[in-house]
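Right, one structure below, let's go through it.
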Amino acid sequence: MIVSALQRLVDEGRLSLPDGVPTQVRVERPKVKEHGDYATNIALQLAKKAGLNPRDLATDLAGVLAEHDGVSAAEVAGPGFLNLRVAADAQGQVAAHVLQAGADYGHSELYAGQKVNLEFVSANPTGPIHIGGVRWAAVGDSLGRLLTFAGADVTREYYFNDHGAQIDRFARSLLASARGQEAPEDGYGGQYIHEIAADVVAKHPDVASLPDPEATEVLRAEGVALMFAEIKASLHDFGVDFDVYFHENDLHESGAVERAIARLDELGKMYEKDGARWLRTSDYGDDKDRVVVKSDGQAAYISGDLAYYLDKRERGFDRCLIMLGADHHGYVSRMMAMCAAFGDEPGVNLELLIGQMVNLLRDGEPLRMSKRNGTVISLEDLVGAIGVDAARYALSRYSTDSPIDLDLDLWASTTNDNPVYYVQYAHARLSSILRNAADLGIDHGLDRFDPGLLEHEKEGDLLRALASFPEVASRAAELREPHRVARYLERTAAAFHAFYAVCRVLPQGDEDVTDVHRARLVLVDATRQVVANGLGLLGVSAPERM
RNA sequence: GCCCCCGUAGCUCAGGGGAUAGAGCAACGGUUUCCUAAACCGCAGGUCGCAGGUUCGAAUCCUGCCGGGGGCACCA
């Protein structure tokens, strides 16, 4: 629209642009509503090229744009901003769009046709999921929902690390417990070790008396299976289910690791030094090359990553996203280098999302966690303390770039300052109005909806909030930032509560039902839908009553 | 020493180059004959860590410094 207006000015000889008319003009929704419904800074950007004063250019543009249907006003403001106002009925129409789209409102085709692999949590099955992993469970799952909403074909994947030294330590810790001995120096402690060891012993009464290698093997296999089942169950209770549980062991047993290394060999990315086989990651920005096969012939950890990445690509994933904690940020450059070594594009085919840590406080003091001593705060502990909804919301509400301090006492006792209730309460209130309307037999079908009746300031605020949901959802998916949805919901809930305080929706007493009541009910219905859609993206429930 | 993240109101944090930097909590003062007061309204609170640079315009982008957190294996 603005492009054609510019073109018209040029055609009429009122404007000359040496570089031609831009094909794209950035239009944004201003933060302050006094600046209209849409605003553009195009005049500021083009003024220099056109040799005009920005305000004059903006004024000319405004004159052309104001003639457009659906534009109620075009104003020049500040140094040369152009603010556009949408006619009231066009704005009110948003509510009808929302109800027509229903649960799909906000859906986009941003990633249509793309297969996305989203790997997250991937905690080792050597203990319960601890608090750090829970953040990725909440954020990762929500990101999965967002990407699906943005049209991607998403596979949630859990990389199940059942190969290597940590599992060995786990098995030895179980053996020690089964024999009533102290946990090994480098092992795991804690109540869960004893419980799992006891479970295995119940199944295999003679396990403690077997020779070490056999006993360790039994405990490893059974213990890992039990631990894994427990992790899966607690994630499920948290509302997080994975499509694929990928076992690292399979990569080693199927020859996938050898194939990945052979592939890199063909590409000339490998060399031998000091009896080990190295990958030239430093050619692609890594600090130094990495050992893939150790001098003792054992595969180094990265070999599993190589094979795993290749496997994902061979399974047809266009984008592989991996969520990692800040303690793994050192892997980013080597993983990206690995991606490049395969001839792929880092940042597109492989993307690593680094999130900061979660710290727990009790009585204002940091809680020290130690796997050795078994002082872990698990997913169940957190959920037991504050509930699934509050936990998921609290963990998703902040940018993953910032560490969060969760004060357990605060979250457990004073739920009042928890924003999740603010949003959920809005949903309950909305549902309540709709229930009451149904009881009164008021029909608010769209055939009778007159969007022009929604002309109160607070109705406008609310409509603008509803209109911005699709953009918020796709932006959150694009930036991999679910917290934007939470913040959006808080803004929208606030707009609704403010509307509710001044705009009566249902008729009072013997009052007749008017089209204003019906129009407001459409708005309420639409708001409920948007809040429900948003909460759904976070995996938080939308209660009908509170 | 090198790498990553952060530094915005008393506290916890939003703010992907724009207009007067926002919200919740905490503090203070109001609002309920009627749709859920877990709400609303008002008031107050700021050198956006510091210094340069780019730009018509910087909390936002670049460089340096200071402060906090995390990480730098032929461990996994």
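Given the structure is predicted, the values throughout are model-derived calculations rather than measurements. Lettering of chains follows the sequences in order, A, B, ..., and the numbering in each one begins at 1.
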### Query
Where the side chain of Ala326(A) is concerned, which of A73(B), A19(B), G70(B) is the nearest nucleotide?
G70(B)
## Note on the structure
Closest to the side chain of Trp278(A), out of C40(B), C6(B), C74(B), is C74(B)
### Task
Select one nucleotide: of A19(B), U12(B), C35(B), the one nearest the side-chain heavy atoms of Ile433(A).
C35(B)
#### Entry: For A51(B), the Watson-Crick or wobble counterpart (both distances under 3.5 Å)
U63(B)
### Message
Using the C1' atom as the point on both nucleotides, what is the distance between C43(B) and A38(B), in whole Å?
### Response
23 Å
### Pair Tyr158(A) + Tyr245(A): ring centers closer than 6.0 Å
yes
### Query
Can you tell me how far P in A27(B) sits from the matching atom in A39(B), rounded to whole Å?
14 Å
### Between P of G24(B) and OH of Tyr425(A), the distance in whole Å
16 Å
### Summary
Answer for the Watson-Crick or wobble partner of A37(B), both distances under 3.5 Å, is none
### Separation of atom CD in Glu481(A) from atom P in C13(B), rounded to whole Å
16 Å
### Task
Report the residue (Ala299(A) or Lys288(A)) whose heavy-atom-nearest nucleotide on RNA chain B is the more 5′ of the two.
Lys288(A)
### Message
Nearest to the side chain of Asp327(A), heavy atoms from C-beta on, is which of C74(B), G70(B), C6(B)?
### Response
G70(B)
### Query
Is any N or O donor-acceptor pair between the side chain of His329(A) and the base of C3(B) shorter than 3.5 Å?
yes
### Message
Measuring only the C1' atom in each nucleotide, how far is C4(B) from A14(B)? A whole number of Å is fine.
### Response
22 Å
### Ring centre gap for His497(A) and Tyr422(A) strictly below 6.0 Å
yes
### Query
What is the distance from NE2 of His427(A) to C1' of A38(B), rounded to the nearest Å?
16 Å
## Note on the structure
Here the distance between atom P of C4(B) and atom CG of Asp286(A), to the nearest Å, is 13 Å
### Query
Below 4.0 angstrom from OP1 or OP2 of C40(B), is there any side-chain N or O of Tyr422(A)?
yes
### Query
Are any of Arg429(A)'s side-chain N or O atoms less than 4.0 Å away from OP1 or OP2 of A37(B)?
yes
### Query
P atom, A37(B) versus A59(B): distance in rounded Å?
41 Å
### Centroid separation His247(A) to Tyr159(A) less than 6.0 Å
no
### Query
Has Lys294(A) got a side-chain N or O lying under 4.0 Å from the OP1 or OP2 atom of C75(B)?
yes
### Message
What is the distance, to the nearest angstrom, from the NE2 atom on His483(A) to the C1' atom on C13(B)?
### Response
10 Å
### Message
Give me the distance, rounded to whole Å, that separates U55(B) from U60(B) when you measure between the P atoms they each carry.
### Response
16 Å
### Nearest-Å distance once atom C1' is located in both G49(B) and G42(B)
33 Å
### Query
Which nucleotide in the list U36(B), G16(B), C74(B) gets nearest to the side chain of Tyr500(A)?
U36(B)
### Message
What's the gap between G46(B) and C66(B) when it is taken at their P atoms, as a whole Å value?
### Response
29 Å
### Query
Expressed as a whole number of Å, how far does the P atom of G71(B) sit from that of A9(B)?
27 Å
### Query
Between Lys312(A) and Tyr308(A), is NZ or CZ placed under 6.0 angstrom from the six-membered ring centre and within 45° of the ring axis?
yes
### Query
Are the side chains of Phe246(A) and Leu251(A) in touch, meaning some heavy atoms are under 4.5 Å apart?
yes
### Summary
Between CZ of Arg435(A) and C1' of U36(B) the distance, given in whole Å, is 9 Å
### Query
With both distances under 3.5 Å as the test, what is the Watson-Crick or G-U wobble partner of A73(B)?
none
### Query
Is any side-chain N or O of Ser432(A) under 3.5 Å from a base N or O of C35(B), one able to act as donor and the other as acceptor?
no
### Query
Which one, C40(B), G71(B), G16(B), comes nearest to the side chain of Ala501(A)?
C40(B)
### Task
Please report, rounded to the nearest Å, how far the C1' atom of A23(B) is from the CG atom of Asp461(A).
15 Å
### Query
Would one find a side-chain N or O of Ser402(A) under 4.0 angstrom from OP1 or OP2 of A14(B)?
yes
#### Entry: Test item: Arg392(A) side-chain N/O and Leu538(A) main-chain N/O as donor-acceptor pair under 3.5 Å
yes
### Query
Going by a 90° cut-off around 0, is U32(B) syn or anti?
syn
### Task
In sequence, state the C-alpha distance, the side-chain angles, and the governing distance for Leu306(A) and Val257(A), and then conclude on side chain to side chain contact (heavy atoms under 4.5 Å, CB included).
CA-CA 7 Å; Leu306(A) 296 173; Val257(A) 170; over 6 Å; no
### Query
For G22(B), which nucleotide in any strand shown is its Watson-Crick or wobble partner with both distances under 3.5 Å?
C13(B)
### Message
Side-chain N or O of Asn359(A) versus OP1/OP2 of G70(B): is the shortest distance under 4.0 Å?
### Response
no
### Query
Starting at CG of Asp405(A) and ending at P of G70(B), how long is that distance when rounded to a whole Å?
11 Å
### Task
Check whether any side-chain nitrogen or oxygen of Arg484(A) sits under 4.0 Å from OP1 or OP2 of G15(B), and answer yes or no.
yes
### Query
Looking at the side chain of Leu506(A), which of G16(B), C35(B), C75(B) is the nearest nucleotide?
C35(B)
### Query
Whom does U32(B) pair with, Watson-Crick or G-U wobble, provided both distances fall under 3.5 Å?
none
### Task
List the steps and the verdict of side chain to side chain contact (heavy atoms under 4.5 Å, CB included) for Leu521(A) and Ile433(A).
CA-CA 8 Å; Leu521(A) 269 171; Ile433(A) 296 171; 4.1 Å; yes
### Query
Quick one: on RNA chain B, does Gly509(A) or Ile404(A) contact a more 5' nucleotide (nearest heavy atom)?
Ile404(A)
### Message
Counting the atoms with a prime plus P, OP1 and OP2 as sugar-phosphate, which does Met357(A) contact under 4.0 Å by heavy atoms, base, sugar-phosphate, or nothing?
### Response
nothing
### Task
Tell me the partner of G57(B), counting only Watson-Crick (N1-N3 plus N6-O4 or O6-N4) or G-U wobble (N1-O2 and O6-N3) with both under 3.5 Å; none if nothing fits.
none
### Query
Can Arg290(A) and Asp286(A) be said to form a salt bridge (charged side-chain N to carboxylate O under 4.0 Å, His left out), step by step?
CA-CA 9 Å; Arg290(A) 302 289 166 177; Asp286(A) 196 7; 2.8 Å; yes
### Message
Can you tell me whether the side chain of Arg475(A) and the base of G16(B) have a donor-acceptor pair closer than 3.5 Å?
### Response
yes
